[in-house]
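A short write-up of the structure that comes next.
Numbers restart at 1 for each chain; the letters A, B, ... are given by sequence-line order, proteins then strands.
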Protein chains: 2
Amino acid sequence: MEGLVRCPANHVPLTPISFLERSAKVYRDATSVVYGDVKYTWSETQERCRRVASALSRLGISQGDVVATLAPNVPAVYELHFAVPMAGAILCPLNARHDSSMVLTLLKHSRAKVIFVDCQLLEVARRAIDLFNKAETEPPVLVLISESDGSVPQHPSGIREYEGLVASGSSDFEVQRPHSEWDPISINYTSGTTSQPKGVVYSHRGAYLNSIATFLLHGMGSMPVYLWTVPMFHCNGWCLTWGVAAQGGTNVCLRKVSPKGIFDSIARHNVTHMGAAPTVLNMIVNMAVDSRQPLPRKVEVLTGGSPPPPQILSKMEELGFSVSHLYGLTETGPATYCAWKPEWDSLPSDQRSKIKARQGVQHLGLEEVDVRDPVTMESVPSDGKSLGEIMLRGNTVMSGYYKNQEATDKAFEGGWFHSGDLAVKHRDGYIEVKDRLKDIIISGGENISTVEVETILYSHPAVLEAAVVARPDDYWGQTPCAFVKLKEGCEVDAQEIIEFCRDHLPRYMSPRTVVFEDLSKTSTGKIQKSLLREKAKAMGSLS
Amino acid sequence: MEGLVRCPANHVPLTPISFLERSAKVYRDATSVVYGDVKYTWSETQERCRRVASALSRLGISQGDVVATLAPNVPAVYELHFAVPMAGAILCPLNARHDSSMVLTLLKHSRAKVIFVDCQLLEVARRAIDLFNKAETEPPVLVLISESDGSVPQHPSGIREYEGLVASGSSDFEVQRPHSEWDPISINYTSGTTSQPKGVVYSHRGAYLNSIATFLLHGMGSMPVYLWTVPMFHCNGWCLTWGVAAQGGTNVCLRKVSPKGIFDSIARHNVTHMGAAPTVLNMIVNMAVDSRQPLPRKVEVLTGGSPPPPQILSKMEELGFSVSHLYGLTETGPATYCAWKPEWDSLPSDQRSKIKARQGVQHLGLEEVDVRDPVTMESVPSDGKSLGEIMLRGNTVMSGYYKNQEATDKAFEGGWFHSGDLAVKHRDGYIEVKDRLKDIIISGGENISTVEVETILYSHPAVLEAAVVARPDDYWGQTPCAFVKLKEGCEVDAQEIIEFCRDHLPRYMSPRTVVFEDLSKTSTGKIQKSLLREKAKAMGSLS
């Protein structure tokens, strides 16, 4: 159209790099990052990131190269969320709980050229690098992240150190912007990784829009104080690594998540917002009363990653936390949330928590979420009963799986991202997850939502943690099998648990088997159901 | 890169239409618009907009056509901000104070195919349409917007009515999305329009990003209650027409802006946020004490459009309003704001107001703002003294001037938008407007900021409104000439005003001439300095 142009005055590719550049001006003297006694301002963070980008560039990193991290939530990982893209490269944050062979697989798959490794994980990384067949592929350069007090573990001389890169880099470095906003900014390997790693790729555009949508659904105004318990290697910390920068907030870093560490950080830094998986909420509500501290103010908590048991939500509220609930997968980042309606405020606490446990509606950055029949692609009725698969579409959905076109095409069949989660739609359009497609139990032809059974188990006063999986059955096909961890000092037997479930659920939904044991979890706090499924399978048929 | 795709699952052109579609789900039963006794919910607003889009489509409107409005802030204009783009067309909201010949000029320039006209402006529009040379150009179809009670002025039969379109349109209409997010969504003619109209074009992308940035800088959380005193025809209501939809807020419409109307609306609808030009703030602080009502809560006020005198900001605070200050031009929409720093809270009120009157730093959607020498393009030092021109760049800057390539190219010279505003940069990087490039007075070789002189005039207890322009002078070149309106019942003479200024300003900056009169304003509340400049010119030299 005549008179219109697209030029540097009115066109900049969307990228989270802009958030940092702006905060270094708007919030320049405000605290950006705190960790123990370490404290930076936004202008310092910008300078440090530029220096690291410059040092990466000198190491030969350029447009489209991959840079990995293997570390918990320390300041370096926060900085690398900006420094790596500022060097034109793609960030690949590896799960800090991976073992050497997994790290090796992912380094090979991603072809990372540099890996930043936390001092406590040096051995894992070095073993992985030693396993490289150097004739075939050059292993990545290892950069060590030392502890905040500057101490480093014994290590062979010649290994580069992170603070050394910061010191050697140039603060005048010309920041590389993406050529296109569709260029990749990060690769997040899904936690369900097995033989075929799935590397979820986010674009600069998707990351920018998802950061905004997520700080909005979390109700973050200007200059929040955000406590990190969600791993930054998990969906880039739900995109809030970038989101906190957009709002000029303070990032309170925590190496190890513990209830005491959480309460201490809240009191010391006057935390306003935090994210936490339901397992972390469970830790908080079950901590010893005498080690709690009173909250200096109401803390907004965003939970997600797995459906939060309503009992835990109620107890969090009693402690003075205000909990919101989001839903998403690695492939989408945060995507939906239970947008709260004022009329729900007056409901009794247990009803509020039941509603709050719903996955809700799409956030501002997502175009549409629906529950559909995975075969016909037809929308299920909004009746709170009809099961279907959650499907999503919009600018915040991943660009695809890195180097796996087949998996990408399958995930995007019919123009929607297929979540693999089973849900219902309530009359008001809010969705509620009933199960993972692969977790659902089919007993005598009836669908059993393991989430519903687990919700009942969590309401038993002696139950600390619970997970339900299918046990194979010659007669019924499958029956529900519950794995339960009891609270300290509690004693209940299997029969009592089964009776309790029968009092609250239809008989066919109640567990037939109850096993008491510690439940092992993934680093993101999810109970490892795949292990439990194997155990239940090994038990054989009950009938 | 292998494995990545761009498909309907992960790519949707950015458009404010998405805000409405989402709010109709997330906030479906919440109030979207109130106006007198008229009240709609977000699902109703969505349905009404779809119906109007459908009716427009039946009238032959399609991709790229222009649809104009001539109306104050009534619900129809709000709806048309969505309905017109939903028909694939471009909205062109005309200033409701234009006369027939101006309306004719703009209808011809924009080639609008339909014009929606408020019942009280029917005669202006009809006279404009009668002036069309029908052999040359087909005049637009006129659609009448009736009053909220359904009453319409006498008019010839055969004229279409807005509510008739709503009723006849189909709610199943398939909403047209932009083919590209760079497609135009609106044309806003600048208020400085003379012989060559300048139609500022916003893209869907720019509008989307500016809406978000503006509700963020205004501190709007979820479900705000927003009072409309800023005309929706002015930068699309600072982009908050779309922005309020993004946050599922309530739009409180007001046909005519008066202090009583404002206080009544705040009390009746529990208003949380409002926008208002400094003239409107002046009206509020100078209204009779006995017609004020106590505010039911703190009301967040966003002011902008011209530099707000600090005295007015202080008085607004005393009344219980919390004022933020934004800066922008039609070409940029909201662009910068005086982002508040917590450490300023403890300053005395007059210092707070002085800081608050600064134009500040870029909002989230703008990439960069700077003060530069317009010739060398060099950045001026951050010393609070060196004058330069404000220049801006980023995705929220206009796409250009409609059908005026030359003006577009000039405005974007060197990859920045040239604002024509003179400013300084303070040490913290915050900018402060000193004058319009064309308003600055040069007296004996010294620059005089008319804004600084006006600030002193506003601090005089008898002054209600003030404007300073250049009076030609044979000796000095120019001298400052003040036009002043006194508060009711106040009596002061010119000499006293001049003495007062000399007490607070260097002698060369103090007005040599003071004229007492009513100051005429543009519809957006700006004092019409061009008229005053002509008057001062006609006075001739003082020396």
What heavy-atom pair brings [X] and [Y] nearest, and what distance separates the two atoms?
{"X": "A/Q362", "Y": "B/R22", "result": "O-NE, 2.9 Å"}
{"X": "B/S18", "Y": "A/E367", "result": "OG-OE2, 2.7 Å"}
{"X": "A/P184", "Y": "B/L4", "result": "CG-CD1, 4.0 Å"}
{"X": "A/G365", "Y": "B/Y208", "result": "CA-OH, 4.5 Å"}

Between A/R205 and B/E181, is the closest basic N to carboxylate O distance under 4.0 Å? yes
Is the count of non-hydrogen atoms from other residues, nucleotides or ligands lying under 6.0 Å from [X] atom [atom1] greater than 12?
{"X": "B/E174", "atom1": "CD", "answer": "no"}
{"X": "B/R177", "atom1": "CZ", "answer": "yes"}
{"X": "B/E406", "atom1": "CD", "answer": "no"}

Which of [options] touches chain B most, by non-hydrogen pairs under 4.5 Å:
{"options": "A/Y430, A/W340, A/W182", "value": "A/W182"}
{"options": "A/V397, A/V26, A/N404, A/L364", "value": "A/L364"}
{"options": "A/M223, A/E368, A/E21, A/R28", "value": "A/R28"}
{"options": "A/E343, A/Q247, A/H363", "value": "A/H363"}
{"options": "A/K403, A/K25, A/R6", "value": "A/R6"}

For [X], is it the side chain, the backbone, both or neither that has a heavy atom under 4.5 Å from a heavy atom of chain B?
{"X": "A/Y401", "result": "backbone"}
{"X": "A/I90", "result": "side chain"}
{"X": "A/A339", "result": "side chain"}
{"X": "A/L14", "result": "both"}

For A/H109, what residues pass the ring-ring contact (aromatic ring centres under 6.0 Å, His included) criterion, not counting sequence neighbours? A/Y189
Greatest number of heavy atom pairs closer than 4.5 Å to chain A - which of [options]:
{"options": "B/G414, B/G394, B/P342, B/P13", "value": "B/G394"}
{"options": "B/L209, B/D183, B/L366, B/D428", "value": "B/D428"}
{"options": "B/M398, B/M220, B/E2, B/R393", "value": "B/E2"}

So, A/N395 side chain and B/V12 main chain: donor-acceptor pair closer than 3.5 Å or not? yes
Is any side-chain heavy atom of A/D409 closer than 4.5 Å to one of B/V5? yes
Check: B/F417 and A/N10 side chains under 4.5 Å, non-hydrogen atoms: no
